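Each remark here refers to the structure printed beneath this line.
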Amino acid sequence: MKYKLKDITDKIISVKNKELKFFFIVYICTFFKFLSVEYVTSSGFLYSYPAIYTLLSSFGILMAFYSITSLFHNKIRCSLILIVAFLFSVLAYTDIMHMRFYGDLFTFRNLGLTTQVSEIKESVIALFRITDLLYFADIFAILLLYVLYKSKTKENIFSKLTVKRIFLSLLIFLFGFSLYALRVYTYNQKVPGVLKSMWDKPAVCNNIGALSYHMVDFQNVLRDLFTKGHISKVEIEEISNWYIERDTNRQPNKFTGIAKGKNLIIIQVESLQEFVIDLKINGKEVTPNLNKFVKKSLYFPRTYNQTSVGNSSDAEFIVNTGLYPAESGVAYTRFATNEYHSLPFLLTEKGYNVLALHGDREGFWNRHKMYPALGFNKFISKKDFIVDENIGMGLSDRSFFSQSIEKMKKEKEPFYAFLITLTSHYPFDFPELLQQSDLDVTGLDDCLLTNYLKGMRYFDNHFGDFVKKLEEEGFTENSLIVIYGDHTAIPKGETSRLEKILNKELREDVQWKDFQRIPLIIKLPDSISKSNVLNTTTGQIDVSATVANLLGYSYKAGMGNDLFSKEKNVPLIFRNGTYILDCSYIEPSQMKSTSINSNKELKYTNFKKISYKVKKELSYSDKILEYNLMKKLKYSK
């Protein structure tokens, strides 16, 4: 066996033009890594839109990068090639992890978030698969091959740098870059503006390739850093006119001021999805206390998650500003130095004491900088609580709810308390969480979905205790209480198990999109309590305008609407440019529209005008953030 192995290795290293062979192996391995990224972003089906152009673009980018390494001295060329190959592997694997966790691709704008990886290490570990090692296996194999050759021949397989080599390398670089530029140009012609705005990153990846996507993304980041330029007075006036025109016909309604002078308590619940409401497992309710609370409240079951890669921080941002998440990257890290005319600032102007409470460290998601920018005059973080029980990423919900009541009792009224829970965080398998959950899951697989349901029961138990304490302290009488889920929790890999539990199909894209709902529950003060299920299609962006109206104020700086006077035919817009209108799901980047109820494709031309308005609205939100316009705009009186 030893002789055979030696014979094989001798044959391998005896091949002529070993440098070309070395380049070829590295090149092909890198190419297939990014091809796997494209496979994942297309949900397992390789795209059909002229794939040859996409493949050539990917080949071209690799030609350009590896031809640059060819211009260095032959003694360091191997090291440079392996470093470049390793960085490509890291990038491809980062894409894979982002798709598993966020359902979206990595963007270079997120580089500032690398310090937070240690905070979500349990999630990262849960996402890891043994086959992921293949993304790096070739690096070590090629290095071993190179060392093996050196030990056998004592020769350098890399040729010396000559004028001819420089000329050929530059020619290959230009040819490779031209293939990429041609693909980008043709796609830009087909879908104008999509590469600049990156409405839908996986769709872009499927059409131009993962490598091309990252090249465009990198160019966008550089453009924003160095060629941002300025915004004209005409553009600022255009955005101001949009707000004024929108608010022209707004009138008070029967809910205006119904909770005037009351406290505002908003609870953002980690990973809470709408499907758990009234769900029974083995004949028992998963969330009995939340179900009971819903029956005393105004309930919006058709509320959709509008977050982007910022997940929980995006939800906080949308609810408190009424703006959309950042076009790329995360608003909490990119725009923490902006001036905001937010819901907290509005309530502060009206005499409210405004505070945020969260059982995580204050620097996570840059909250210690963003909360003051949003107008919170007090941030009670993990360091301000007694950490008597830590589960997962921070203070347990049991301890958080219990201590938050005591802290709210000490606050001057009226106050706005913004509470963010933490324990029911992905991957939902924290031992203390599972041990304390009393949900009977007999007959279900031991999997992420089961752990999630147990996590929701854990939250529900302590939420029930929290509500009882609120009642005892009189807060349910003198407070407006709002609860919503921050983002979705269940990945598409759990589809088959979900279908069994919910007894409904979720295979089609539009069915899965409709599943991405979160509950929005608004509990009016006890003396004026009203309960109803309202099937208005809404999202987190409407929360600020709605609660302001209930308190008797008008919040005009956000892009959301008051749910009790919301006009019909108003699209619910998602960060990637898709939107829902009258139970139709529209994907402008794909020029596709589908009925949510019947799953039948609709005529896209019927939605062209509204798609243009959607694009405009997102661009206005982006400009407000990019150019720090929120306090500079004119709003209706």
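Keep in mind the model is a prediction, meaning the values are calculated, not measured.
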Self-check item: For Asp384, all residues meeting salt bridge (charged side-chain N to carboxylate O under 4.0 Å, His left out), sequence neighbours excluded
Solution: none
Quiz item: Regarding Lys613 and the six-membered ring of Tyr579, is the cationic atom NZ or CZ under 6.0 Å from the ring centre and inside 45° of its axis?
Solution: no
Quiz prompt | Arg302/Glu274 salt bridge by N-O under 4.0 Å criterion | solution = no
Quiz item: Can you list the residues that meet the ring-ring contact (aromatic ring centres under 6.0 Å, His included) rule with His341, with sequence neighbours excluded?
Solution: none
Quiz item: By ring-ring contact (aromatic ring centres under 6.0 Å, His included), which residues pair with Phe400, not counting sequence neighbours?
Solution: Phe385
Quiz item: What is the ring orientation for Phe106 with Phe108, classed by angle as parallel under 30°, tilted 30 to 60°, or perpendicular over 60°?
Solution: perpendicular
Quiz item: If you measure only the distance, is there a donor-acceptor pair under 3.5 Å linking the side chains of Tyr458 and Glu432?
Solution: no
Quiz item: Should the heavy atoms of other residues, nucleotides or ligands under 6.0 Å from NZ of Lys280 be counted, would the total exceed 12?
Solution: no
Self-check item: Phe463: ring-ring contact (aromatic ring centres under 6.0 Å, His included) partners, not counting sequence neighbours
Solution: Phe293, Phe459
Name each donor-acceptor pair under 3.5 Å that joins a side chain in residues 348-357 to protein atoms two or more places apart or in another chain, with its distance.
residue	atom	partner	partner atom	Å
Thr348	OG1	Pro344	O	2.8
Tyr352	OH	Lys262	O	2.5
Asn353	ND2	Glu411	OE1	2.4

Quiz prompt | Enclosure of Glu245 CD (heavy-atom neighbours >12, cutoff 6.0 Å) | solution = no
Check: residues 474-487 side-chain donor-acceptor pairs under 3.5 Å, at least two apart:
residue	atom	partner	partner atom	Å
Thr476	OG1	Asp526	OD2	2.7
Glu477	OE1	Ser527	N	3.2
Glu477	OE2	Ser527	OG	3.0
Asn478	ND2	Glu413	OE1	3.2
Ser479	OG	Asn263	ND2	3.3
Ser479	OG	Phe475	O	2.8
Tyr484	OH	Gln268	OE1	2.5
Asp486	OD1	Ser271	N	2.8
Asp486	OD2	Ser312	OG	2.8
His487	NE2	Glu270	OE2	3.2
His487	NE2	Ser312	OG	3.4

Exercise. State the CD-OG1 distance between Glu389 and Thr423, to the nearest 0.5 angstrom.
Key: 7.5 Å
Practice problem: Please confirm whether Lys382 makes a cation-pi placement over Phe364, using NZ or CZ under 6.0 Å from the six-membered ring centre and within 45° of the ring normal. | Solution: no
